[in-house]
Peer 1: 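Let me begin by handing over the structure; questions about it come next.
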Amino acid sequence: MIKKKLIYSLVIAAFILLIINILVETFSTPEVIVVKNELSCSRIDEIFITSLWDYGIVESWITAKDINNSEYDSLAHVYYIQIPQDLQIVNVIAGLSESFNKKPVKLVTEERKNHSNSTVKIFSNGVLKLEAFLDKADDLQREYAEISFIVQSPDQIDSDLKNKLEHIDIGYTLLFTPSIDLKNELEKIKKINSSFALLIDDDIDEDKYVLDTDDSKNKLARNVINIISDYGRNIPYILNEKSEIYNSVAFAYIREEFTKREIVLSKLSDYHDLRGKPIEQLKSILKFHCENGKGKQRRYLLVSITEFLNLKTEVKYYKRLGNRFSSM
């Protein structure tokens with residue numbers, strides 16, 4: 001009898017405990033586990049150094065000095081970066097901000113000396129993970145290649161093309177064939193890009209400008225004068241030596257008429273003609289000239305306007321490395 005009572009008591013106790021456990025789980029607030037998003041020091045270092053390389057800052061200008069200071073218990077080293085005189089520190093900081101965009105870090109900068117020296121600190125999860133001192137070094141300069149794009153363009157530039165060209169922040173030269181349409185659009189074109197050149201070849205159709213080898217010397221001279229009068233002396237004149245004009249007996253006279261007016265005709269073959277090449281090949285050629293043209297003569301690349309716009313991303317990258325893009 002006693003055993004039965006004991007068993008009943010244990011069953012009832014277990015049942016009560018089960019009910020209590022169910023009630024506790026039902027009405028208690030679940031524990032919130034907060035996962036802290038954090039970037040490691042090594043990963044931050046990697047992104048930081050890569051961003052510096054993207055601005056043409058070489059390894060010899062980057063020094064990591066070990067530290068043993070209780071104030072820097074989260075850091076093993078501090079960076080000292082020499083910034084060459086042809087690069088603005090504000091651009092380097094902008095590049096760092098872009099590299100760390102949407103990453104769990106806070107980038108803090110402090111100017112130490114009139115835009116010439118700055119301190120950069122990078123925190124993640126409230127912990128200092130990187131500190132760097134960016135100091136201007138006037139005796140340093142990045143190696144660079146100098147590139148001039150000659151961009152063959154239609155005589156009329158519509159609003160869409162105008163908008164795209166106005167957002168190009170490098171120097172380049174637009175190449176046109178003389179025409180009435182071009183003459184009418186010239187002031188608008190100069191506002192888009194002040195540098196332009198004229199191509200002298202067989203595609204000139206306007207009677208006012210055409211250089212037909214069958215025409216008299218008087219007409220040839222008059223048309224040379226018309227071209228120079230309408231477009232000026234202070235622009236490049238480029239001759240297509242594959243044209244009938246160049247390969248005719250009249251060419252010597254035409255060249256003399258230009259020379260008398262202090263115009264030197266350069267040849268189309270003087271420039272690297274890349275028109276019509278696949279875009280991937282164009283990118284490869286641009287890379288070659290930027291990497292192998294450092295410290296050498298300026299390279300002139302002739303492309304169509306569409307090809308030029310398709311190279312915009314690559315041009316931006318190579319410019320950021322310190323290469324220079326200028327008009328003729």
Peer 1: For residues Phe176 and Lys183, determine if any side-chain heavy atom of one lies less than 4.5 Å from a side-chain heavy atom of the other.
Peer 2: no

Peer 1: Within a 6.0 Å radius of atom CG on Asn234, are there more than 12 heavy atoms belonging to other residues, nucleotides or ligands?
Peer 2: no

Peer 1: Does this structure show an ion pair linking Glu241 with Lys267, if we count only N-O contacts that are shorter than 4.0 Å?
Peer 2: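 Salt bridge: no.
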
Peer 1: Measure from the side-chain N and O atoms of Ser284 to the backbone N and O of Glu280, and report whether any donor-acceptor pair falls under 3.5 Å.
Peer 2: no

Peer 1: Taking the ring centre of each residue, are Phe149 and Tyr172 less than 6.0 Å apart?
Peer 2: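 That pair fails the under 6.0 Å test.
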
Peer 1: Is the closest basic N to carboxylate O distance between Glu143 and Lys294 below 4.0 Å?
Peer 2: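 No salt bridge links Glu143 with Lys294.
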
Peer 1: Drop me the distance from Asn193's CG to Ser327's OG, to the nearest 0.5 angstrom.
Peer 2: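 Separation between the atoms: 7.0 Å.
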
Peer 1: Taking Asp160 first and then Lys164, would you say they form a salt bridge - that is, a charged N and a carboxylate O separated by under 4.0 Å?
Peer 2: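 Yes, this pair counts.
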
Peer 1: Is it the case that the side chains of Thr213 and Ser248 hold a donor-acceptor pair, with the cut-off being a distance below 3.5 Å and no angle test?
Peer 2: no

Peer 1: Is there a donor in the side chain of Ser179 and an acceptor in the side chain of Asp155, or the other way round, less than 3.5 Å apart?
Peer 2: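 Note: Ser179 and Asp155 side chains meet the donor-acceptor criterion.
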
Peer 1: First locate atom CG of Asp270, then atom CD1 of Ile150, and finally report the distance between them rounded to the nearest 0.5 Å.
Peer 2: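 If we round to the nearest 0.5 Å, Asp270:CG and Ile150:CD1 are 9.0 Å apart.
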
Peer 1: Checking Ser148 against Tyr271: is there a side-chain donor and acceptor pair closer than 3.5 Å?
Peer 2: no

Peer 1: Check the pair Leu265, Ile238 against side chain to side chain contact (heavy atoms under 4.5 Å, CB included), reporting the backbone distance first and the verdict last.
Peer 2: CA-CA 6 Å; Leu265 296 173; Ile238 302 174; over 6 Å; no

Peer 1: Given side chain to side chain contact (heavy atoms under 4.5 Å, CB included), test Arg320 with Asp54 step by step and report yes or no.
Peer 2: CA-CA 7 Å; Arg320 190 169 62 185; Asp54 282 343; 4.0 Å; yes

Peer 1: Between Cys290 and Phe325, which heavy-atom pair has the shortest distance, and what is it?
Peer 2: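 So the minimum-distance heavy-atom pair works out to SG-CZ, 4.1 Å.
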
Peer 1: Using a strict 4.0 Å threshold on nitrogen-to-oxygen distance, state whether Glu257 and Arg261 make a salt bridge.
Peer 2: yes

Peer 1: Verify whether one side chain among Asp45 and His77 offers a donor that lies under 3.5 Å from an acceptor in the other.
Peer 2: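 On atom types as modelled, these side chains qualify, holding a pair under 3.5 Å.
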
Peer 1: Between Asn292 (side chain only) and Phe288 (backbone N and O only), is there a donor and an acceptor less than 3.5 Å apart?
Peer 2: yes

Peer 1: Evaluate the side-chain proximity of Tyr300 to His272: yes if any heavy-atom separation is below 4.5 Å, no if none is.
Peer 2: no

Peer 1: May I ask you to check whether over 12 heavy atoms, not counting those of Gln281, lie within 6.0 Å of atom CD?
Peer 2: yes

Peer 1: Given side chains that start at C-beta, do those of Ile81 and Leu52 come closer than 4.5 Å, heavy atoms only?
Peer 2: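 Yes, their side chains come closer than 4.5 Å.
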
Peer 1: Search all heavy atoms of Leu199 against all heavy atoms of Ile204 and return the closest pair with its distance.
Peer 2: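 In this case the closest contact between Leu199 and Ile204 is O-CD1, 4.3 Å.
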
Peer 1: Do any N or O atoms from the side chain of Asn323 and from the backbone of Tyr144 form a donor-acceptor pair under 3.5 angstrom?
Peer 2: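 Answer holds: no.
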
Peer 1: For Lys260, does the NZ atom have more than 12 heavy-atom neighbours from other residues, nucleotides or ligands under 6.0 Å away?
Peer 2: yes

Peer 1: Working note: Ser326 + Glu146, criterion side-chain hydrogen bond (donor to acceptor under 3.5 Å, both in side chains); need CA distance, chi angles, decisive distance, verdict.
Peer 2: CA-CA 7 Å; Ser326 56; Glu146 190 168 5; 3.3 Å; yes

Peer 1: Decide, yes or no, whether a salt bridge links Asp230 with Lys208 under the criterion of side-chain N to carboxylate O below 4.0 Å.
Peer 2: yes

Peer 1: So, are Lys319 and Asp169 salt-bridged, with charged N and O less than 4.0 Å apart?
Peer 2: yes

Peer 1: Tell me, yes or no, whether the heavy-atom count around Lys219 atom NZ, taken from other residues, nucleotides or ligands under 6.0 Å, exceeds 12.
Peer 2: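 Enclosed.
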
Peer 1: Kindly indicate, with the supporting measurements, whether the criterion ring-ring contact (aromatic ring centres under 6.0 Å, His included) is fulfilled by Phe258 and Tyr253.
Peer 2: CA-CA 9 Å; Phe258 276 105; Tyr253 179 75; over 10 Å; no

Peer 1: Using atom types as modelled and distance alone, determine if a side-chain donor or acceptor of Asn223 lies under 3.5 Å from a backbone N or O of Asp207.
Peer 2: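 Checking the backbone N and O of Asp207 against the side chain of Asn223, a donor-acceptor pair under 3.5 Å is found.
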
Peer 1: Using 4.0 Å as the upper bound for N to carboxylate O, is an ion pair formed by Glu38 and Lys129?
Peer 2: yes

Peer 1: Does the distance from a Lys or Arg side-chain N to an Asp or Glu carboxylate O, for Lys242 and Asp202, drop under 4.0 Å?
Peer 2: no

Peer 1: Report yes or no: does Thr50 contribute a side-chain atom to a donor-acceptor pair with the main-chain N or O of Ile47 at less than 3.5 Å?
Peer 2: no

Peer 1: Answer whether the closest heavy-atom distance between the side chains of Asn310 and Leu282 falls below 4.5 Å.
Peer 2: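 In short, these two side chains do not touch, never coming nearer than 4.5 Å.
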
Peer 1: Sub-3.5 Å donor-acceptor pair from the side chain of Arg298 to the main-chain atoms of Ile147, do we have one?
Peer 2: no

Peer 1: With no hydrogens and no angle check, just 3.5 Å: does a side-chain donor-acceptor pair link Ser304 and Arg275?
Peer 2: no

Peer 1: Establish, for the pair Lys65 and Tyr79, whether the NZ or CZ atom is under 6.0 angstrom from the six-membered ring centre and no further than 45 degrees off its axis.
Peer 2: no

Peer 1: Strictly distance-based, threshold 3.5 Å: is any side-chain N or O of Thr173 a donor or acceptor partner for the main-chain N or O of Met328?
Peer 2: yes

Peer 1: Considering only heavy atoms from C-beta outward, does the side chain of Glu314 approach that of Tyr317 to under 4.5 Å?
Peer 2: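 No; the side chains remain at least 4.5 Å from each other.
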
Peer 1: Return yes if a side-chain donor-acceptor contact under 3.5 Å exists between Glu131 and Thr119, otherwise no.
Peer 2: no

Peer 1: Going through the checks in order, is the side chain to side chain contact (heavy atoms under 4.5 Å, CB included) test met by Leu161 and Leu309?
Peer 2: CA-CA 10 Å; Leu161 188 53; Leu309 293 172; 3.7 Å; yes

Peer 1: Taking atom CG of Asn117 and atom CD1 of Ile89, what is their separation to the nearest 0.5 Å?
Peer 2: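 Reported value, rounded in 0.5 Å steps: 5.5 Å.
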
Peer 1: Distance check, rounded to the nearest 0.5 Å: Leu174 atom CG versus Ile305 atom CD1?
Peer 2: 6.0 Å

Peer 1: For Tyr318 and His289, indicate whether the former's side chain and the latter's backbone hold a donor-acceptor pair under 3.5 Å.
Peer 2: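 No, Tyr318 side chain to His289 backbone: no donor-acceptor pair under 3.5 Å.
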
Peer 1: In Å, rounded to the nearest 0.5 Å, how long is the span from OG1 of Thr63 to OH of Tyr80?
Peer 2: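 The OG1 atom of Thr63 sits 10.0 Å away from the OH atom of Tyr80.
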
Peer 1: Enter the distance from Leu239:CG to Leu198:CG here, rounded to the nearest 0.5 Å.
Peer 2: 12.0 Å

Peer 1: Quick check: are there more than 12 heavy atoms from other residues, nucleotides or ligands sitting under 6.0 Å from NZ of Lys162?
Peer 2: no

Peer 1: For Leu220 and Val224, what are the C-alpha separation, side-chain angles and deciding distance, and is it a side chain to side chain contact (heavy atoms under 4.5 Å, CB included)?
Peer 2: CA-CA 6 Å; Leu220 290 173; Val224 168; 5.6 Å; no

Peer 1: Quick one: does Asn125's side chain have a donor or acceptor within less than 3.5 Å of a partner on Leu39's backbone?
Peer 2: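 Looks like no, no N/O pair under 3.5 Å.
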
Peer 1: Please answer whether the main-chain N or O of Pro104 pairs with a side-chain N or O of Ser124 as donor and acceptor at a distance below 3.5 Å.
Peer 2: yes

